[in-house]
Amino acid sequence: MTKILPYIVFTVSMMFHAEAQNLLINGNFESGNSGFTTDYTHSPTNVTAARSYAVIANPRSAHGLFADMRDHTSGSGLMLVVNGSTTEPAPVVWSQQVNVFRNQTYTFSAWAANLFGSSTSIISVRINGEVLTPEVLVPDEIGRWNEITRTWNSRSATSALIEIVFVSQNFTGNDTALDDFSFSSDSHSSCIDPSQIPTDAAYEELQVLATVPGNSNPFLAGQADGVATKSDTAPAQSPVLASTVSAGDVLYFSVEGSVSNVGATSPNTPADGGSFYATNSALGIAGYNLPLNALVGVFLSDAVPADTAPDNLDYGTDGQSFETLAPQLHQIFYIGDGLTGAGTGSRQGFVVPPGATRLYLGTSDGFGWYNNTGEFEVNICRLLRLPYGTELAPTMIKFDQMAYTANVGDTVLGTLEIDPIPPGGLYSQGLMVTVRNAAGTLAGAITTGSLPMLDFDGLVLGGSAAVPNDTGSGGIKGSALFSVTRETSVDPILGSFSLSGLPAGNYNLAIASWNDLGPTEDIFVTGECLTLDPYITFGTATLEVVGTDPVFPDLALSGEITVQLQTGLLEQRLTFTNNSDQPIEGFRLFITGLPADVIMKNAHGMVNGVPYIDILTPLAPGESIEILLEYERPSRNPDFTPEFTLGAPADNQQMAGDSPPLPLDLRVLRKTGEGMLLEFLSVNNQRYLIEYSDNLSDWKVSLPPITGTGQRLQWFDQGPPRTRDFPSGARFYRIVAFTDNP
């Protein structure tokens, strides 16, 4: 763990004008219905109702009277299609919050097109509640894209909540397509995010511009003229001396351009590189395994590199999406475009190692850089630290409780705390939580919940269920960088975790440093990155699980995920069989491994962000039950594989509406051999519960609740998980509404 003292940033003059960076996520909607919030109802196939929207390629596909047109970005992508609200106060059509620099001028832009009628939308752009005047009247011409631009000064703000509102409430018209949202500032470098600079620090911009030709061989870093290696010679193929540096600095990069290692006249490989290639060390500089044609760097001291090189870095094993990298001297490291993703993600930080005074930049190849073409324009930002010397207080990373107790089947929730929060900051690259019983084995799974201070990728390590000979080592990995990437907080919570599926017994919990993360991470070291930190200690706790271990059924897949053409949902059937000699009263099914754009449509609830369904149908020994899972995905692509975990259902899993049964125009039809179909006219955005009974006396609740669209809704009772059993005999239904809708 690295202790880092407060940062202050000094200045050199700007050397060039960086292209403005769009701060918005999915501004062109090519990632579908994600990255923004809205008060409107998502209806991907039907936007005939007011206050509904879809992210689609052609408005006509969701409304037969809308314009037949294509998106603004490419003519073959997606756009936001909106049927405006007719009520006051006007709901928010689109919203997104971003970090901003203080006292900077930003430009918001978007493209809008009228979809129907002469009563067009009047659009209001708001930032932090301030209306950017004047409001925008979308021109009458149907299907023509029109640009909207407004400027805004951040003044003392460090974040901007951007909102789009249709202030017009016309029933006919008020229908608009939106695309290519952008929010940017030309006045600040794009190589560092404002959230990475402490808000209480006095800082100015430091920016270095470097042009890195494609023929820059990093193995020649620091070598005298005439020195040759890998078919290249200094200085013709020498890398670029980009900047002087100091140990403990954190560097950030913004990169543009492309290169070619085969001499192409029009090089087209961007900074993240192409296919992987491995090459050995040379002239005291470590080799690597990383993508060809990528931007790379190497730190040197004032001395010429020695003959003995450090270990090679293997990005094929350790990945390229790291948040922070701390390479050694003479160790070529991957920079790429400086982001965790390819052109997207968060800005990556590179910690300057002890003894480093120079940074060289080059490109990756195997040999013969002399015929490489193209170049990269590299923008470097730097946070400079104050000198070390302040004594830091001993710090404990501990559990929120020294002893936990739980009943069999319950999920154990806990948190990791840091006490006290070091005033000079704390830099961590690995935490491990282990759970062991008396036999030294782990059953069940450990997962993460909210991690307010951990920069966490969601790694879940298996227990004995995943690895038969597991030694009981499960854990979570995370990293925290206080007073550098975020404000120092008084909240002691590092993050939360949960344990599930544990049999009855006593368990020992422990926190430790994670000392097997690979060469891209430094583990629990001092601010100088030299020795294990003597100030960090780790807590332990105990867990007692009491009661009788529940019996769970065996699971078998009944079929692949398929598209239900009537509803547009993806469906998957599962069969559960009680192969034990004991009856099973019920169980809870957790569904994990879903892609980010997939929603578990008929989930009964969530635990730590994991959807679940409660199956309350008793199963006698030898009995089986089939349930239907429903997923929603904008693309309707069934190519994903969910994972399932069984647990005990909650004691009180029912909910109830808060109004008498509704006198609705309700039709109930029996579909022979398939179940019961209900149909009724709904109120837009009204939440309903379906209740059912076999005797008009004992009423049960079907989960989850359903939300009205203003149209007729259909609801199909096929048994579990919506109801406890298949409606084979007489069954009665009633509908209850919530008076306080969300």
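Between Thr723 and Trp715 the shortest heavy-atom distance is CG2-CH2, 4.1 Å. The two residues Glu30 and Asp71 have their closest heavy-atom pair at OE2-OD2, 3.6 Å. When all heavy atoms of Met600 and Ile613 are compared, the closest pair comes out as CE-CD1, 3.8 Å. Heavy atoms only, all atoms of each residue included: Pro611 and Leu594 are closest at CG-CD1, 4.3 Å. What you find for Met79 and Ala57 is that their closest heavy atoms are CE-O, 3.2 Å. Ile591 approaches Tyr612 most closely through the heavy-atom pair CD1-CA, 4.2 Å.
One N or O on the side chain of Ser258 and one on the backbone of Pro267 form a donor-acceptor pair closer than 3.5 Å. Here the side chain of Asp337 pairs no donor or acceptor atom with the backbone of Val255 at under 3.5 angstrom. Of the possible polar contacts, one joining the Ser61 side chain to the Asn58 backbone as a donor-acceptor pair under 3.5 Å is found. A donor-acceptor pair is defined here as one N or O able to donate and one able to accept, closer than 3.5 Å; no such pair exists between the side chain of Glu375 and the backbone of Gly257. Judged by distance alone, the side chain of Thr269 and the main-chain N or O of Gly274 form no donor-acceptor pair under 3.5 Å. With Thr363 contributing its side chain and Gly214 its backbone, the two residues share a donor-acceptor pair below 3.5 Å. Judged by distance alone, with hydrogens and angles left aside, the side-chain atoms of Thr373 form no donor-acceptor pair with the main-chain N or O of Thr265 at under 3.5 Å. Between the side chain of Asn174 and the main chain of Phe166, no donor-acceptor pair closer than 3.5 Å is present. At distances below 3.5 Å, at least one donor-acceptor pair connects side-chain atoms of Asn128 with backbone N or O atoms of Leu161. Side-chain atoms of Glu256 never come within 3.5 Å of backbone atoms of Phe376 as a donor-acceptor pair (strictly under, hydrogens ignored).
Checking Glu691 against Tyr733 by side-chain atom types alone, no donor-acceptor pair falls below 3.5 Å. In summary, the side chains of Thr105 and Asn153 do present a donor paired with an acceptor at a separation below 3.5 Å, with no hydrogens or angles considered. In this model, no donor atom of one side chain and acceptor atom of the other lie less than 3.5 Å apart for Tyr40 and Asn83. A donor-acceptor pair shorter than 3.5 Å cannot be found between the side chains of Thr41 and Ser43.
Arg126 and Glu163 are joined by a salt bridge, as a carboxylate oxygen and a charged side-chain nitrogen come within less than 4.0 angstrom of each other. Arg722 has a carboxylate O that lies under 4.0 Å from a charged side-chain N of Glu630, or vice versa, which qualifies the two as a salt bridge. With respect to the salt-bridge test (charged N to carboxylate O, under 4.0 angstrom), the residues Arg155 and Glu130 qualify.
In this structure, Pro59 and Met69 have side chains that are in contact, with non-hydrogen atoms separated by less than 4.5 Å. With a 4.5 Å cut-off on side-chain heavy atoms, Leu80 and Asp179 do not count as touching. In this structure, Thr120 and Leu137 have side chains that are in contact, with non-hydrogen atoms separated by less than 4.5 Å. Taking the side chain as every heavy atom from C-beta outward, Phe253 and Asn379 never approach each other to under 4.5 Å. Here the side chains of Leu574 and Leu629 are in contact, with some heavy-atom distance below 4.5 Å. Using a 4.5 Å cut-off on side-chain heavy atoms (C-beta onward), Arg144 and Pro139 make contact.
Partner of Tyr631 under the side-chain contact (heavy atoms from CB on, under 4.5 Å) criterion, chosen from Gln572, Glu571, Lys601: Gln572. Among the candidates Asn114, Asp175, Asn170, Thr176, the single residue satisfying the side chain to side chain donor-acceptor pair (under 3.5 Å) test with Ser121 is Thr176.
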(request) Kindly determine whether Asp180 and Thr73 satisfy side-chain hydrogen bond (donor to acceptor under 3.5 Å, both in side chains), including the steps that lead there. (result) CA-CA 6 Å; Asp180 289 335; Thr73 309; 2.4 Å; yes
(message) Before you tell me yes or no, could you show the steps for Asn293 and Asn261 under side-chain hydrogen bond (donor to acceptor under 3.5 Å, both in side chains), namely the whole-Å CA-CA distance, both residues' side-chain angles and the distance that decides it to 0.1 Å?
(response) CA-CA 6 Å; Asn293 296 315; Asn261 67 314; 3.2 Å; yes
(message) The test is ring pair (Phe, Tyr, Trp, His ring centres under 6.0 Å); show your working for Phe36 and Phe29 and say whether it passes.
(response) CA-CA 10 Å; Phe36 64 94; Phe29 300 100; 5.7 Å; yes
(message) Go through it in stages, so that I can follow the logic: the residues are Tyr252 and Gln348, the test is side-chain hydrogen bond (donor to acceptor under 3.5 Å, both in side chains), and I'd like the CA-CA distance, side-chain angles, deciding distance and then a yes or no.
(response) CA-CA 6 Å; Tyr252 301 87; Gln348 296 169 305; over 6 Å; no
(request) Evaluate side chain to side chain contact (heavy atoms under 4.5 Å, CB included) for Ile627 paired with Leu589, printing each intermediate quantity in order. (result) CA-CA 11 Å; Ile627 71 167; Leu589 176 69; 3.9 Å; yes
(message) Is there a side-chain hydrogen bond (donor to acceptor under 3.5 Å, both in side chains) between Glu377 and Thr211? Walk through the geometry before answering.
(response) CA-CA 5 Å; Glu377 292 291 327; Thr211 299; 3.0 Å; yes
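Taking the centre of each ring, Tyr106 and Phe183 come in below the 6.0 Å mark. Aromatic ring centres of His42 and Tyr53 lie closer together than 6.0 Å.
In this structure, Trp94 and Phe108 have tilted ring planes: the angle between them lies in the 30° to 60° band. Note on ring orientation: taking the six-membered ring where Trp is involved, the planes of Trp111 and His72 are parallel (angle under 30°, cut-offs 30° and 60°).
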